[in-house]
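What follows is a short report on a single structure.
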Number of protein chains: 2
Amino acid sequence: MTTGIKDVAKAAGVSAATVSRVLGNGPVSADLREKVEAAIRATGYRPNLSARRLRSQHSRTIGLIVSDIRNPFFTTLSRSVEDAAYRAEMRVVLCNTDENPDREAMYLRLMQEERITGLIYAPTRTTAASLDERNFDFPVVLVDRTGPNGVHDAVVIDNAGAAGQLVGHLHDHGHSRIFGLFGNTSSTAIERHDGYRSAMIMRGLEPDARFVAPHDRAAAEALTERLASGERPDAVVVSNGLMLLGAYRAMRAAGLETPRDLALTGFDNETWTELVGSGLTVIEQPVADIGRTAMDLLFERLNRPDMAPRKVVLSGRLVARGSSARVG
Amino acid sequence: MTTGIKDVAKAAGVSAATVSRVLGNGPVSADLREKVEAAIRATGYRPNLSARRLRSQHSRTIGLIVSDIRNPFFTTLSRSVEDAAYRAEMRVVLCNTDENPDREAMYLRLMQEERITGLIYAPTRTTAASLDERNFDFPVVLVDRTGPNGVHDAVVIDNAGAAGQLVGHLHDHGHSRIFGLFGNTSSTAIERHDGYRSAMIMRGLEPDARFVAPHDRAAAEALTERLASGERPDAVVVSNGLMLLGAYRAMRAAGLETPRDLALTGFDNETWTELVGSGLTVIEQPVADIGRTAMDLLFERLNRPDMAPRKVVLSGRLVARGSSARVG
DNA sequence: AGGCGGATTGAAAACGTTTTCAGACGATAC
DNA sequence: GTATCGTCTGAAAACGTTTTCAATCCGCCT
């Protein structure tokens with residue numbers, strides 16, 4: 001139906017093989033190459049990528065599995081991955097799991113059926129646990145979250161350290177009843193909790209943490225509840241941007257202001273955290289770097305499949321703003 | 001190398017055709033089907049999508065071309081498109097053009113090579129102009145932005161009406177020197193300007209608009225400049241979320257507060273617009289509906305290719321907040 | 001002059017499926 | 001008992017490329 005390589009060959013008076021070689025920069029004499037290129041332009045020929053991929057056994061496709069592209073962290077991650085991919089003349093297929101292990105399983109299956117070149121993947125905690133056993137026939141680079149052992153390459157930030165930094169910053173600014181609010185689906189949240197916990201203990205403070213589903217709603221509920229019960233904390237650490245939003249709303253709904261009543265801090269330097277009141281103190285993650293690094297690891301792994309697995313740890317940056325200011 | 005349909009066939013003691021029929025829910029007797037399914041499980045067989053697509057001539061892939069996934073409008077648009085796609089067992093290939101016509105051209109080429117089933121596309125104004133002449137061999141649904149004539153289906157919001165609504169709202173609340181700040185790359189911005197302009201004239205107000213590149217930086221510069229020169233406006237209408245952010249920053253940098261000094265309003269109900277001060281008055285777009293509707297149009301078009309092109313116009317919703325409150 | 005080597009070229013195989021076509025079988029209708 | 005039909009099955013073609021392999025051509029060496 002549509003014009004194929006044979007039509008071009010016929011139009012140029014050469015064989016299909018020669019056309020293919022022109023397309024792939026193979027060895028072709030200058031005049032034939034020119035004739036073929038003219039024929040390509042004349043016929044408006046477009047290669048069929050499915051056929052090409054089937055025959056060449058290279059999909060030139062990388063998979064990207066995240067929980068939700070609307071999470072700003074993953075938005076800019078995906079953008080940086082795509083930029084790197086298209087620079088390498090590759091395509092990206094993007095999947096949203098909504099933290100749902102079933103969807104995760106289905107997308108992992110899809111990745112195999114696409115015969116992707118490599119996968120960049122932010123797994124749920126439950127799936128991450130069993131990830132080391134599974135055998136994929138493409139390299140996998142874990143981002144943001146990681147499994148226990150480390151069969152796969154990974155790039156993460158120093159979550160425990162960053163959370164500790166936040167605790168230290170708050171303590172140094174005169175806060176001591178620091179409440180921690182963490183997600184319950186990712187290794188990342190766990191690590192942040194651990195960092196929070198040890199920093200608290202190290203400074204002789206009493207840990208006071210809760211784990212909830214990583215939504216704004218769940219976070220809002222949890223904070224509302226905590227504010228209503230017992231002695232009120234004077235500071236809060238929240239484990240990601242979306243939850244921080246929920247916490248902020250809950251705080252406002254309770255009629256509280258930051259930093260006057262509560263020093264609200266958390267992860268992810270999203271736009272609104274800068275604009276709101278005197279600004280929220282947050283840990284900024286080098287998201288674009290994470291994406292770029294992940295792609296680098298992927299490509300290196302493709303070149304040297306037998307290299308030992310590597311984990312790259314980038315560090316977050318504390319952005320101090322009004323919400324953690326010393327008060328009173 | 002990897003296990004193919006023939007290996008499964010051998011393991012099950014049937015022909016490749018039968019395995020294929022089991023996979024595609026073709027007519028197969030119950031016992032053979034069972035044997036084949038067992039063999040599939042035993043061999044861990046995964047179909048090769050490239051081969052399947054090549055032979056069946058159906059890519060089951062829809063393309064999505066937007067300017068930048070980090071623009072929240074496109075973020076949630078892409079999510080709603082993907083949800084609809086995966087519900088229909090299709091994949092999505094996502095492309096970011098950065099408003100760059102060259103990248104647009106390259107991605108359009110890519111779409112043809114992928115032999116996509118259909119395309120959802122937010123074109124640059126320059127590309128949109130020539131879009132009607134081009135002949136794609138897949139249906140195209142324009143979103144958010146549209147070309148002049150309308151050879152393709154489209155789903156947009158009533159931009160002129162919404163901008164007019166904003167002007168009316170501001171005027172009703174006592175503002176009359178209303179400055180308009182619009183992007184210069186999309187038909188959408190043009191329409192919003194037109195709506196702004198006619199509403200101003202209709203109400204006997206003097207239009208005062210500027211077109212700039214649709215960034216936060218450009219918007220910030222433009223507003224800063226405007227605030228410094230001549231009689232200061234008492235209200236501003238900004239044509240999209242990112243530019244609104246720039247405008248807000250510029251306003252704050254100039255030491256002004258909303259609504260006291262300036263009634264800042266615009267498009268896109270992003271998170272931060274609600275949280276900032278007493279909130280920014282904005283036009284909220286039904287983004288998820290736009291995506292869903294676009295997919296609907298696409299599927300209908302696939303079923304009935306000869307139907308006349310349709311344009312679906314959804315309407316934005318005015319979300320009145322503090323920034324447009326009557327003052328003085 | 002004959003042979004050899006490198007550079008180009010074309011014919012045909014291969015990639016892993018789906019689909020067409022025809023055959024086999026059993027049942028139903030006469 | 002035979003003809004007819006419908007259902008299931010397998011062999012082989014087809015999808016549009018890339019890649020292998022052998023052939024051809026040309027120049028150069030002995």
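For the numbers below, each heavy atom of this structure counts, side chains included, while hydrogens, waters and symmetry mates do not.
Five base pairs at each end of the helix from C:dA1-D:dT30 to C:dC30-D:dG1 define two local axes, and these are offset by 60° (rounded to 10°).
Rounded to a whole Å, the NE2 atom of B:H58 is 14 Å from the C1' atom of C:dT17. Rounded to whole Å, atom P of C:dG16 lies 5 Å from atom CD of A:Q57.
Residues passing the salt bridge (charged side-chain N to carboxylate O under 4.0 Å, His left out) test with B:E34: none are found, sequence neighbours excluded. Applying the ring-ring contact (aromatic ring centres under 6.0 Å, His included) criterion to A:Y45, with sequence neighbours excluded, gives no partner residue. With sequence neighbours excluded, the residues that form a salt bridge (charged side-chain N to carboxylate O under 4.0 Å, His left out) with A:D153 are A:R301. The ring-ring contact (aromatic ring centres under 6.0 Å, His included) test applied to B:F299 returns no partner, not counting sequence neighbours. In terms of the salt bridge (charged side-chain N to carboxylate O under 4.0 Å, His left out) criterion, B:R134 has no residue partners (sequence neighbours excluded). Looking at residues two or more places apart in sequence or on another chain, you find a salt bridge (charged side-chain N to carboxylate O under 4.0 Å, His left out) between B:E300 and B:R310.
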Return all side-chain donor-acceptor pairs below 3.5 angstrom for residues 287-295 of chain B, not counting sequence neighbours, or 'none' if the list is empty.
residue, atom, partner, partner atom, Å
B:D289, OD1, B:R292, NH2, 2.4
B:T293, OG1, B:D289, O, 2.6

Please list every donor-acceptor pair under 3.5 Å in which a side-chain atom of residues 107-116 of chain B meets a protein atom from a residue at least two apart or in another chain.
residue, atom, partner, partner atom, Å
B:Y107, OH, B:R103, NH2, 3.1
B:E113, OE2, A:R46, NH1, 3.2
B:E114, OE1, A:R53, NH2, 2.7
B:E114, OE2, A:R53, NH2, 3.3
B:R115, NH1, A:P47, O, 3.3
B:R115, NH1, B:Q112, O, 2.8
B:R115, NH2, A:R46, O, 3.0

Donor-acceptor pairs under 3.5 Å, side chain of residues 22-31 of chain A to any protein atom, not counting sequence neighbours: which ones?
residue, atom, partner, partner atom, Å
A:S29, OG, A:D31, OD1, 2.8

Its contact letters, B for base, S for sugar-phosphate only and - for none at protein heavy atoms under 4.0 Å, make nucleotides 20-28 of chain C read B--------
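Taking every heavy atom of residues 30-46 of chain B and every atom of DNA chain D, pairs under 4.0 Å involve B:L32, by number.
A sub-4.0 Å separation between OP1 or OP2 of D:dT9 and a side-chain N or O of B:S29 is present.
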